[in-house]
Amino acid sequence: MGHVIAIDGPAGAGKSTIARSLAEKLGYVYIDSGAMYRAVALWAIRQNIDPGDAHRVEQLARAADIELLPLRTVRLNNEDVSEAIRVPEVSAAASRVAAIGAVRAALVAKQKRMADRANVVMEGRDIGTVVFPDARVKIFLDANPLERVRRRAGEQPQVPPEQLAEQIARRDERDRQRAESPLVQAPDAVYLDSTGLTPEEVEEEILKLVRARISNGKERH
Ligand code: CDP
């Protein structure tokens, strides 16, 4: 297995922005685990399957051919779904399918395979706690709820901010309260609050850790 940098945290904390630029800077592969839950949720919606139907959604999660390509391109069964997975309906359904243990098991197996031979920056909710408990660098990236809604509102101007706030609060609550791999900070993760920080400042903090824990950010031979 290569080196893993795990970045977990709630919606809108800035995980994607930071994880992507960090991966580029270090020459690591960027993996957005949330996109995988979103892809399964999209498939369920299209098949008219209730996102809470554990048995049927598990079958989809096992069968799904999910590719994470550069430039945030996501392919599901050979179709580009990069934009389709970002709509609010899919965000809500993603957090419902993510509460199903068997769905998580299927996707975690895929995530582990992705890090078999590469150095990766992986973002999600359970990367430092469950997927890669031995990750070299673990970050729990947070920001205050208002700031997180403000950031999402910038990305999704078509959704009224009050609606967005409610959706994010409901999803966070579900992600934190679920029995299977809830969103929680790993005991050995470094907590970073990105409220009021620029992406460059957050990145610099993480790079300091990377330099300390992975010699100069380069592979040890
Ligand atoms: O980008 P955003 O933070 O809004 O969400 P995401 O990372 O795309 O994840 C969508 C949903 O997938 C989350 O609300 C979680 O319910 C779930 N998820 C998870 O359970 N475990 C992960 N490692 C990643 C995402």
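Remember, it's 1-based here, ligands and their atoms both numbered in the order they're listed.
In this structure, Lys15 counts as a contact residue of ligand 1, since one of its heavy atoms falls inside 4.0 Å of the ligand. The shell of residues lying under 4.0 angstrom from ligand 1, judged by heavy atoms, excludes Arg174. Using 4.0 Å as the threshold, Arg178 has a heavy atom nearer than that to some atom of ligand 1. Assignment of Arg152 to the shell around ligand 1 is supported, since a heavy atom sits closer than 4.0 Å.
At under 3.5 Å, not a single nitrogen or oxygen of Asp32, backbone or side chain, sits near a nitrogen or oxygen of ligand 1. Taking any N or O of Tyr37, backbone or side chain, none lies under 3.5 Å from an N or O belonging to ligand 1. The shortest N or O to N or O distance between Asp126 and ligand 1 is below 3.5 Å.
Scanning the protein heavy atoms around atom 24 (C) of ligand 1, the nearest turns out to be Ser33 OG, 3.3 Å.
For Thr195, the side-chain contact (heavy atoms from CB on, under 4.5 Å) criterion is met by Ala143, Asn144, Glu147, Asp193, not counting sequence neighbours.
Contacts with ligand 1 closer than 4.0 Å are made by no heavy atom of Met36, backbone or side chain.
Comparing Arg170, Arg125, Arg171, Glu155 against atom 7 (O) of ligand 1, the shortest heavy-atom distance belongs to Arg125.
Each salt bridge (charged side-chain N to carboxylate O under 4.0 Å, His left out) pair with one or both residues in residues 101-117, not counting sequence neighbours, appears once here: Arg104-Asp126.
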